Amino acid sequence: MSGTSATAAAPFVKHTDAFRRRRFVNWFPLGVTYALLYMARYNLTVAKNSLGELMTKEDFGIIFGAGTAVYAVAFLLNGPLIDRLGGRKGMLAAAAGAMVANLGMGAYLYHVVASGQATSAPLRLVFGVLYAANMYFQSFGAVSIVKVNAHWFHVTERGGFSGIFGTMISSGIFLAFTVNELLLKAAQRVWPDAQGPNVAWVVFVVPAALLGLFFLVELSVLRDKPSLAGHTDFDTGDASSGDTSDAPTPVLTLYKRILTHPVIITVALIEFCTGVLRNGVMHWFPIYANEIWALPNEHALRGGALLLAMREGAWGPLWPALPCFAVALVSGLLARRASGRRRGAYAVGAALAFLAPFMQGGWGGLLMAAGVIGGNLAGWVSDLLFQSRRGPAAGFLYGVLAVCVLGMGFSLASPTNVVAWADAKSGLVPGDKILAIAGDSQVSGWAEVRNAVACAPAQCKDSGWDAKKCMCVSALASAPAEKREPVIAARIERGGQPADVALPDPKATQRAGDMRMLKARPVLPLSPYVLGLIVFMVSLCVIGTHGLLSGTATMDFGGRKGAATAVGVIDGFVYLGTALQSVALGFLTTKSWAYWPWFLLPFAVIGFLLTLRIWNAKPKGGGGH
């Protein structure tokens, strides 16, 4: 059998070309499957924006919070299970279970919306159960990918694996936010009369189908360790170094070793903060951009040029992607032939050229670029500058992150009630100041304008108007319909003079669950790109830290035999943090978005201080601490 000449004492490992090729065949489809799990996890956020008030922020917070709480607890069960069964079985279970759960969510959503019963259906309850089931099976993914790769990567290579892990996460985020959004727009092109809620099922069904496909791929090519793929196993130089036994470590022994390991517990606490910060930005920024700023779907911070191309068939803005990919290919080939600093320069150039087109992919594309850069930067720095110590790289990223979160507090750019852009048929013109809507008291910001417009009574079809929910609901279908004029009374200030106007109602007749929005956007006191740059940097730092600690430190300190249990404990803390922010921010942002950055800031500071405790930590062989 061919394999590697690595030993535990070797500072660097040398693998045969055949081994590297087989390792690629092993980890690349594994990485794609993991990315698809992200697509089938964060599709809930895309669906929430499409469903509008059918899934309120409170509903979303509870559904996502329930799912992440299940995810966190499931790690404690599934980590030791995968350490005994192997990562291959775990990843197959993740793909199959998440596929079934997503098919269930898609089918249920299609049924209740098509039947016109969406507003009276127990959407929160059903989605809470199905999403919790989805997240239970998803919990097999991270522990499985770390368990498998713990056998294939030496400790001195794992900084590079941190980059791979960060890239997989980032690709999954791109699939979740940008590709799922593109799927919605594609569905609306296929069914042009359908509104957002009528096609939201697509973002659950398509990821499920892709997971089914890669279940079959993984069944064919994935192997737990090199010896099962025709190569030689080797000592990976981690906490299991020197232990050549194939016997699984007893569960209680594993937990005792993990839960009494000071480095792993510190990493778990850091990753709790990471869970709050990562999802506290990743999920809530697109909601903020849509709800508060009212940015158009094709804006660079939302859907980007990819979304515009899908909506209008205008592919011209995407052609610059071709020379970027060509530069990336040429630079990559030159990097293979070069050595030393020149090789590094070519590799960096290839990566940046490859990532450049994704900056046109809206929020998902920006997150992908941030994650790839952050993950690879953290991994390379920890291996090349700090002798595979993870603490210094994580500490630097957390320090930058804390400064950026502080900057968020001064960059929210809460919009005014002055019109910046308006559709020609809206009855408004740029410069109009909206003072009141439908007889309401004075509105002072665009959020109040948006709410007042939604609450202006509409003519309901096969439903009745619910003044509390500000929408037509099917439960009131028997109520006598009132004839309403297709206009919305408003008081505006135009050219310095107040005036009462009748704005054309953009959706005078509504079905159950429909939404009404003015075809206008507000003036912002600060460019949205300021906050956009800040949250880009937050995402870069937090994904880089997560890949380094959850994807790499778990292998280092858990060892081959305890890697899954270690990542189970640590990722459990990540999603406890995620559940906390989901419920807390769901409540706080309903009161005021001003609470958003100040809720996140303490976790950034605490995370930075905790990284100082593991500054010099490195794994020791023998299976001990």
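In this text, all values refer to a predicted model and were calculated from it rather than measured experimentally. Numbers for residues simply follow the sequence, beginning at 1.
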Which residues pass the side-chain hydrogen bond (donor to acceptor under 3.5 Å, both in side chains) test with N102, sequence neighbours left out? N43, N134
Min side-chain heavy-atom separation I492-K433 under 4.5 Å: no
Name all residues meeting the side chain to side chain contact (heavy atoms under 4.5 Å, CB included) criterion together with L610; count only those two or more places apart in sequence or in a different chain, and write none if there are none. T266, L269, I270, I606, R613
Can you name the residues that form a disulfide bond (SG atoms under 2.5 Å apart) with C470, not counting sequence neighbours? C455
What pair of heavy atoms forms the shortest contact from G275 to Q581, and how long is it? O-CG, 4.1 Å
Side chain of T611, backbone of A394: donor and acceptor closer than 3.5 Å? no
Across all chains, not counting sequence neighbours, the ring pair (Phe, Tyr, Trp, His ring centres under 6.0 Å) partners of Y595 are none
Parallel, tilted or perpendicular: which describes the rings of F354 and F325, with under 30° parallel and over 60° perpendicular? tilted
Counterpart residues, side-chain hydrogen bond (donor to acceptor under 3.5 Å, both in side chains), relative to T45 (two or more places apart): H283
Got a sec, which residues hit ring pair (Phe, Tyr, Trp, His ring centres under 6.0 Å) with F587, two or more places apart in sequence or on another chain? none
Once side-chain hydrogen bond (donor to acceptor under 3.5 Å, both in side chains) is applied, what residue pairs with a partner in residues 400-416 remain, sequence neighbours excluded? none
Partners of F599 by ring pair (Phe, Tyr, Trp, His ring centres under 6.0 Å), sequence neighbours excluded? F603
CD1 of I173 to CH2 of W363, rounded to nearest 0.5 Å, is 9.0 Å
Side-chain atoms of residues 539-547: list all donor-acceptor pairs with protein atoms under 3.5 Å, sequence neighbours left out, distances to 0.1 Å.
unit_1: S539; atom_1: OG; unit_2: V535; atom_2: O; d: 2.8
unit_1: T545; atom_1: OG1; unit_2: C541; atom_2: O; d: 2.8
unit_1: H546; atom_1: ND1; unit_2: E271; atom_2: OE2; d: 2.7

For D505, the side-chain hydrogen bond (donor to acceptor under 3.5 Å, both in side chains) test, sequence neighbours excluded, returns R516
Regarding T274 and Y398, do their side chains bring together a donor and an acceptor under 3.5 Å, going by distance alone? yes
Taking only residues two or more places apart in sequence or in another chain, which ones pass side-chain hydrogen bond (donor to acceptor under 3.5 Å, both in side chains) with Y108? none
Angle between ring planes, Y38 versus Y42, binned at 30° and 60°: parallel, tilted or perpendicular? perpendicular
Pairing residues for W421 by the ring pair (Phe, Tyr, Trp, His ring centres under 6.0 Å) criterion, not counting sequence neighbours: none
